Amino acid sequence: MTVIDVHTHAYTRDWYEILRKQGGEYNIQVRPDGKEEIFKKDTPVAFPQPGHFDYDLRIKQMDATGIDVSIVSLTCPNVYWGGEEISCAAAVASNDSMVEAQNKYPDRIRWYTSLPWEYPEKAVEELERTVALGASGVMVLANIAGRSLTDPFFAPIWQAIDDKALPVLVHPTDPPGALDMDMGSYDLSWSVGFMFDTTLCFTRMIFDGFFDKYPNMKLIASHGGGTLPYLVGRFEKGDEVELAERRVMKHKPTDYLKHIYYDCINYDPRAMHYLMSIVGPDRVMFGTDWPHQVFDTPGAMKHTAELPADQSKLIRSETAIKVFNL
């Protein structure tokens, strides 16, 4: 059975060195074990692994675990730092490395483009450039340096993406207020903050009528959608008591939850089953989060193998083939 990983990450050395020298609030610190980790001030953001930088190692890992195609993306902090020149340079450095990887492994590697979202004109230019070079979709963090993705400032970028009907992987990062909420302790920014970031992002989109404005995009909510499936009842009750004069969305919250796509990275098969009970198995795709330290390739393989064959095929490849036009 074909397996397509829609949530797996890559860095490039050029991007990493730009971050090291000109990352602003983002900095690279040495952990107690002597390895480097990316921080926002004193809050952990990402822990680079060898597989982030080495596509040959990635292909070996894919062969060993039965993954046929990986759609790679730059993870947080993406390129939202350093000013216009630095942000654009970081985007080009990451995207061009992924072009090279796809050219080297045309049957195994696809990729999401990263854009300098804080500079919409430049972001649209980079979108056009990278789609022409073979980008399969767009990767965006669930907030842009603390700014909501529904901010009208980003409308030109969303319109350009919608015009192309591209898939968009929405990935969490440290949520606004992470330092105030002491999420640096025990890596709570990852375990709790990331889920909050994804959930808040998509909830705003739903209630703001975002999917009515941009109907052609295929948005993917990372990590099983955070807590979106669990909050379905609260969304429906909130909509029920909302004043008609303030209501923006045209449909019910559950309709929008079923419009979103999700990956299967939730570590517990019970969570995946609940997600499918809310949105249907045809809205869930295979993801591993490799090579992050918290990747779950074995779990994703095991949990999808335990499903009925038709559901397993949908999650492992059939939905991704449709979404990404593979």
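Since this is a predicted model, take the numbers as computed values, not measurements. Start at 1 with the first residue, then count along the sequence.
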message: To the closest 0.5 Å, what do you measure between CD (E126) and CD (E121)?
response: 13.5 Å

Point-to-point distance, once rounded to the nearest 0.5 Å, from CD1 of I265 to OG1 of T297: 8.5 Å

query: For K258, does the NZ atom have more than 12 heavy-atom neighbours from other residues, nucleotides or ligands under 6.0 Å away?
result: no

message: How close do P229 and G226 get, counting heavy atoms only, and between which atoms?
response: CD-O, 4.2 Å

query: How far apart are the C-alpha atoms of Y256 and D212, what are their side-chain angles, what is the distance that settles it, and do they pass the side chain to side chain donor-acceptor pair (under 3.5 Å) test?
result: CA-CA 9 Å; Y256 294 106; D212 302 314; 2.7 Å; yes

Which atom pairs, one a donor and one an acceptor, fall under 3.5 Å between side chains of residues 317-326 and the rest of the protein, sequence neighbours left out?
from : atom 1 : to   : atom 2 : distance (Å)
S317 : OG     : T2   : O      : 3.3
T319 : OG1    : D282 : O      : 3.3
T319 : OG1    : L314 : O      : 3.3

- request: May I ask whether F153 and V170 are part of the same hydrophobic cluster, defined by side-chain heavy atoms of I, L, V, M, F, W, Y residues being less than 4.5 angstrom apart, directly or through others?
  value: yes

- prompt: Side chains of F211 and I206: does their closest heavy-atom pair fall under 4.5 Å?
  reply: yes

- prompt: D296 side chain to G299 main-chain N or O, any donor-acceptor pair under 3.5 Å?
  reply: yes

- prompt: When you look at CD of E306, are more than 12 heavy atoms from neighbouring residues, nucleotides or ligands closer to it than 6.0 Å?
  reply: yes

message: Do W290 and I67 sit in one hydrophobic cluster, given that two such residues count as connected whenever their side-chain heavy atoms are within less than 4.5 Å of each other, even indirectly?
response: no

field: In one Ile/Leu/Val/Met/Phe/Trp/Tyr side-chain cluster, 4.5 Å: F207, L200
entry: no

task: Answer yes or no: is there a side-chain heavy-atom contact under 4.5 Å between L74 and W15?
output: yes

message: I'd like to know whether H9 forms a ring pair (Phe, Tyr, Trp, His ring centres under 6.0 Å) with H52, so could you lay out the CA-CA distance, the side-chain angles of the two residues, the decisive distance to 0.1 Å, and finally the verdict.
response: CA-CA 6 Å; H9 299 300; H52 281 110; 7.1 Å; no

task: Could you tell me whether Y186 atom OH has more than 12 heavy atoms of other residues or ligands within 6.0 Å of it?
output: no

query: Are side-chain N/O atoms of D63 and Q61 paired as donor and acceptor at under 3.5 Å?
result: no

message: Using 0.5 Å steps for rounding, measure from the OG atom of S73 to the CE atom of M98.
response: 6.0 Å

- request: Please report the C-alpha distance between S222 and T198 in whole Å, then the side-chain angles of each, then the deciding distance to 0.1 Å, and finally whether the side chain to side chain donor-acceptor pair (under 3.5 Å) criterion is met.
  value: CA-CA 7 Å; S222 297; T198 298; 5.6 Å; no

task: Considering only NZ, NE, NH1 and NH2 on the basic side and carboxylate oxygens on the acidic side, decide whether D255 and K250 come within less than 4.0 Å.
output: no

message: Just by distance, no angles: are the side chains of S94 and T12 close enough, under 3.5 Å, to form a donor-acceptor pair?
response: no

statement: On a heavy-atom basis, the closest approach of L127 and A160 is CD2-CB, 3.7 Å

message: For D107, give me all partners under salt bridge (charged side-chain N to carboxylate O under 4.0 Å, His left out), at least two apart in sequence or on another chain.
response: none

- request: Kindly indicate, with the supporting measurements, whether the criterion salt bridge (Lys or Arg N to Asp or Glu O under 4.0 Å) is fulfilled by R234 and D239.
  value: CA-CA 8 Å; R234 297 187 73 86; D239 182 49; over 6 Å; no

- request: Report yes or no: do W111 and V168 belong to one cluster of Ile/Leu/Val/Met/Phe/Trp/Tyr joined by side chain heavy-atom distances under 4.5 Å?
  value: yes

query: Within the distance-only criterion (no hydrogens, no angle test), does the side chain of T203 pair as donor or acceptor with the backbone N or O of T199 below 3.5 angstrom?
result: yes

- request: Sort out for me which residue in V72, L169, I220, I71 forms a side chain to side chain contact (heavy atoms under 4.5 Å, CB included) with M139.
  value: L169

query: Do T288 and D5 have side-chain N/O donor and acceptor atoms under 3.5 Å apart?
result: yes

message: Testing T130, T75, N78, N95 one by one against S114 for a side-chain hydrogen bond (donor to acceptor under 3.5 Å, both in side chains), which residue passes?
response: N78

statement: In short, C264 meets G287 closest at the heavy-atom pair SG-N, 3.6 Å

- prompt: Between E36 and R20, is any pair of side-chain heavy atoms under 4.5 Å apart?
  reply: yes

message: For the NZ atom on K213, are there more than 12 heavy atoms of other groups (residues, nucleotides or ligands in this structure) within a distance under 6.0 Å?
response: yes

- prompt: Just wondering, do F53 and Y16 contact through their side chains at under 4.5 Å, heavy atoms?
  reply: yes

Closest heavy-atom pair and its distance - L307, H303: CG-O, 3.6 Å

query: Does a side-chain heavy-atom distance below 4.5 Å link Y262 with L275?
result: yes

message: Rounded to the nearest 0.5 Å, what separates atom OH in Y261 from atom CZ in R283?
response: 3.5 Å

task: Would you mind checking if K104 and E100 are paired as a salt bridge, meaning a charged N to carboxylate O distance below 4.0 Å?
output: no

message: Surrounding CZ of F235 (heavy atoms of other residues, nucleotides or ligands, distance under 6.0 Å), is the total greater than 12?
response: yes

- request: Using a strict 4.0 Å threshold on nitrogen-to-oxygen distance, state whether R31 and E37 make a salt bridge.
  value: yes

- request: For residues S70 and R110, determine if any side-chain heavy atom of one lies less than 4.5 Å from a side-chain heavy atom of the other.
  value: no

Any R58 side-chain heavy atom under 4.5 Å of P291 side chain: yes

- request: Applying side-chain contact (heavy atoms from CB on, under 4.5 Å), run through R108 and V69 and close with a yes or a no.
  value: CA-CA 4 Å; R108 310 297 300 279; V69 178; 5.8 Å; no

message: Could you walk me through whether T254 and E236 satisfy the side chain to side chain donor-acceptor pair (under 3.5 Å) test, starting with their C-alpha distance in whole Å, then the side-chain angles of each, then the deciding distance to 0.1 Å, before giving a yes or no?
response: CA-CA 7 Å; T254 303; E236 290 293 332; 2.5 Å; yes

NZ/NE/NH1/NH2 to OD/OE distance under 4.0 Å, E128 and K164: yes

- request: State the OG1-CD1 distance between T304 and I315, to the nearest 0.5 angstrom.
  value: 7.0 Å

query: With no hydrogens and no angle check, is any side-chain donor or acceptor of N266 less than 3.5 Å from a backbone partner on G224?
result: no

task: Please check if the side chain of D68 supplies one atom and the backbone of I4 the other of a donor-acceptor pair under 3.5 Å.
output: no

- line: Nearest heavy-atom approach of T173 to C76 is OG1-CB, 3.4 Å

task: Give a yes or no answer on whether the side chain of D263 reaches the backbone of H223 with a donor-acceptor pair at less than 3.5 Å.
output: yes

query: Do S312 side-chain atoms and P308 backbone N/O form a donor-acceptor pair below 3.5 Å?
result: no

query: Yes or no on side-chain contact (heavy atoms from CB on, under 4.5 Å) for M205 and L219, after CA distance, side-chain angles and deciding distance?
result: CA-CA 11 Å; M205 287 178 170; L219 268 71; 3.5 Å; yes

field: Min side-chain heavy-atom separation Y80-N143 under 4.5 Å
entry: no

Within 6.0 Å of CD in E85, more than 12 heavy atoms from elsewhere: no

task: Mark yes when over 12 heavy atoms from residues, nucleotides or ligands other than K218 sit less than 6.0 Å from its NZ; otherwise mark no.
output: yes

- request: Determine, for D151 against R204, whether the closest basic-nitrogen to carboxylate-oxygen distance falls under 4.0 angstrom.
  value: no

- request: Indicate if L133 and Y105 have the same hydrophobic cluster label, given that clusters are the connected sets of ILVMFWY residues with side-chain heavy-atom separations under 4.5 angstrom.
  value: yes

N27 side, atom CG; I38 side, atom CD1 - distance, nearest 0.5 Å: 9.5 Å

